[in-house]
Every structure is written in structure tokens, then in C-alpha cells.
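Just the heavy atoms: all of them, side chains too, but no hydrogens, waters or symmetry mates, feed the values below.
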Amino acid sequence: DLPEPRASHRAAVHGQHIYVFGGWSLNGGEEGTWLDRGLVLDLKNEAAGWTAVTQPTPVRALEVIEFQNRIWLIGGLTPDGEISSKIHVFDPIAKQWSAGPDVPGMPANGNGIAAAVVGGSLVLAGMDGKVYRLNAESESWSESVRLPTSRIHHRLIGDLDRMLIIAGASRAGHLKSAEFVSLPQAK
């Protein structure tokens, strides 16, 4: 079990560890309690339980993904109701945070954005309907393709040259669709 209830959070696996970041605890009709720390569990020593790890800022409705041996916290909603354009990158070996390139396509994309690794590249897709690919060398985003349906709070699953977009919500309501999108080779 987690040390406290947590909703609107995300998790990623790095090696033998699960990292959980973001979210809040909801207690019935009360205002939620924003969580300002992440958690890590060593899968080879589960009996040791979850341990706290720093988190740059409280945020929920974010994306968390492992990419290039780092844990990326992408966008989300802040306690003051703002949509975050920030990307925070955690180095699990050094246990240090650094800033990544801002979320592209703001302000629409920071809330409920989804990420995947496709063909070794980090890609993001949000409400503006565009798929952005990270150029890791220049730390900048470029538009790759468009989604068949713009959406938020969806999930992405990537493989060598395409990704599966699963469910979420659009301006018309909740979606049940799952769509494959092929990505061109990175330049």
C-alpha cells in the first residue's frame, strides 16, 4: 500500500524501482490535500516499503515517464489552478532535479498531457491535437504528426515507429476509442 491515499498522480518504472509523483488526497467532500513529495519502491526489496523522494512542486493531472534513465514530470495542474508548462527531470542515481524544455502547445497541453517513447524518442500529445517529438540534443520540441482526435487525460503506448492513443476526453465528451498513429523517422 502507499503511505497515503493519492489520486490524479502518475508512475513510471526505472530499473527495479517504481516512482510515483504528483496527485492529491481527496477526503470526501473536503478540499483535496496536495502532495508535495514523490514515492519510490524497490521491487527487489518490497518489504522495505515506500520511501519519500523530493518533488519540485505539488502538481496533479501531470504525466510521468522514464526516458534516457531519468524520470520526467510533465505539466499538470498547480494548487492555484494554473496549468503548468514546466518539465522537471529527476536523475535517480544522483537524486537531483533539473529543468527540461517547457511543454509545447501551451496553454492547452499542460493539463492531462500524455507521453510515450517511440523509436527511442520522447513524444507528447495533448489537447491541441499535435504530437511533439523531443530533440534530445537541442532540448526542443518539434511537431511530428496530428492526432486523429484531439484529447486530454488519455494514455499513449509507443513502439518502434507508432503509438497507440487510448481513450481520454475531447471537447465533445469522454472517448472510448483507441487509435494507432505512425510517426515519421526523427530528423
Side-chain angles (χ1 to χ4, degrees), residues 2-14 17-41 50-68 70-92 94-117 122-134 136 139-141 143 147 150-156 165-171 173-175:
L2 294 172
E4 68 266 321
R6 190 176 287 246
S8 196
H9 60 287
R10 291 288 180 261
V13 175
H14 172 69
H17 296 91
I18 296 175
Y19 289 85
V20 176
F21 287 104
W24 58 354
S25 286
L26 298 173
N27 300 307
E30 300 174 21
E31 182 66 28
T33 302
W34 290 78
L35 302 171
D36 60 359
R37 65 185 182 137
L39 299 169
V40 62
L41 178 68
W50 293 90
T51 56
V53 61
T54 62
Q55 181 177 301
T57 185
V59 66
R60 67 176 186 85
L62 71 161
E63 177 64 291
V64 175
I65 190 168
E66 191 275 341
F67 176 65
Q68 293 185 335
R70 307 279 191 277
I71 307 296
W72 293 58
L73 277 63
I74 303 170
L77 296 175
T78 67
D80 26 335
E82 298 296 318
I83 297 175
S84 176
S85 64
K86 300 300 178 198
I87 295 179
H88 303 281
V89 183
F90 182 66
D91 181 333
K95 297 187 180 357
Q96 293 182 334
W97 289 96
S98 60
D102 280 355
V103 173
M106 289 297 291
N109 284 340
N111 174 29
I113 196 165
V117 177
L122 180 61
V123 298
L124 302 178
M127 191 62 190
D128 72 357
K130 299 174 184 175
V131 176
Y132 296 92
R133 183 191 313 254
L134 177 67
E139 289 200 356
S140 63
W141 300 99
E143 184 180 336
L147 295 177
S150 299
R151 55 185 77 203
I152 61 173
H153 299 292
H154 52 296
R155 300 289 69 196
L156 298 180
I165 305 105
I166 302 171
S170 72
R171 295 191 194 285
H174 291 103
L175 301 168

| message | Looking at His154 and Ala125, would you say the former's side chain and the latter's main chain have a donor-acceptor pair under 3.5 Å? | response | yes
| field | Candidate pair Ile83 and Leu77, rule side-chain contact (heavy atoms from CB on, under 4.5 Å), full reasoning | value | CA-CA 5 Å; Ile83 297 175; Leu77 296 175; 3.7 Å; yes
| Nearest 0.5 Å, what's the CD1-NE2 distance between Ile74 and His88? | 11.0 Å
| remark: Shortest non-hydrogen pair, Pro58 vs Pro79, comes out as O-CD, 3.5 Å
| remark: In short, Glu63 meets Ala115 closest at the heavy-atom pair OE2-N, 2.8 Å
| field | Separation between CD of Glu66 and NE2 of His14, rounded to the nearest 0.5 Å | value | 6.0 Å
| task | List the atom of Pro104, the atom of Tyr132, and the distance in Å for their closest heavy-atom pair. | result | CG-CG, 3.4 Å
| Which heavy-atom pair separates Trp141 from Asp102 by the least distance, and what is that distance? | NE1-O, 3.0 Å
| query | Can you find a heavy atom in the side chain of Asp36 that is under 4.5 Å from one in the side chain of Gln55? | reply | no
| Where the side chain of Ser84 meets the backbone of Gly76, is there a donor-acceptor pair that is under 3.5 Å apart? | no
| What distance do Leu122 atom CG and Gln68 atom CD have between them, rounded to the nearest 0.5 Å? | 8.5 Å
| Looking at side-chain heavy atoms only, is the closest gap between Ser25 and Pro5 below 4.5 Å? | yes
Could you list the donor-acceptor pairs under 3.5 angstrom formed between side-chain atoms of residues 17-24 and any protein atom two or more places apart in sequence or on another chain?
none

| request: Look at the side chain of Arg151 and the backbone N and O of Ala167, then say whether any donor-acceptor pair between them is shorter than 3.5 Å. | output: yes
| field | Sole candidate of His153, Glu82, Arg60, Met127 that passes side-chain contact (heavy atoms from CB on, under 4.5 Å) when paired with Asn111 | value | His153
| request: Rounded to the nearest 0.5 Å, what's the gap from NE2 on His9 to CG on Leu2? Could you check? | output: 6.5 Å
| task | Report yes or no: does Trp34 contribute a side-chain atom to a donor-acceptor pair with the main-chain N or O of Thr57 at less than 3.5 Å? | result | no
| query | Going through the checks in order, is the side-chain contact (heavy atoms from CB on, under 4.5 Å) test met by Phe90 and Lys95? | reply | CA-CA 7 Å; Phe90 182 66; Lys95 297 187 180 357; 4.2 Å; yes
| task | Heavy atoms only: give me the nearest Leu26-Ala7 pair and the separation to one decimal. | result | CD1-CB, 4.5 Å
| said: Just so I know, are the side chains of Ile113 and Ile152 near enough to count as touching, which here means a heavy-atom distance under 4.5 Å? | reply: no
| query | How many angstroms lie between atom CG of Leu124 and atom CG of Leu156, to the nearest 0.5 angstrom? | reply | 8.5 Å
| remark: Note: Leu39 and Val53 closest approach over all heavy atoms is N-CG1, 3.7 Å
| query | Do Asn109 side-chain atoms and Asp128 backbone N/O form a donor-acceptor pair below 3.5 Å? | reply | yes
| task | Report the distance from atom CD of Glu4 to atom CH2 of Trp50, rounding to the nearest 0.5 Å. | result | 10.5 Å
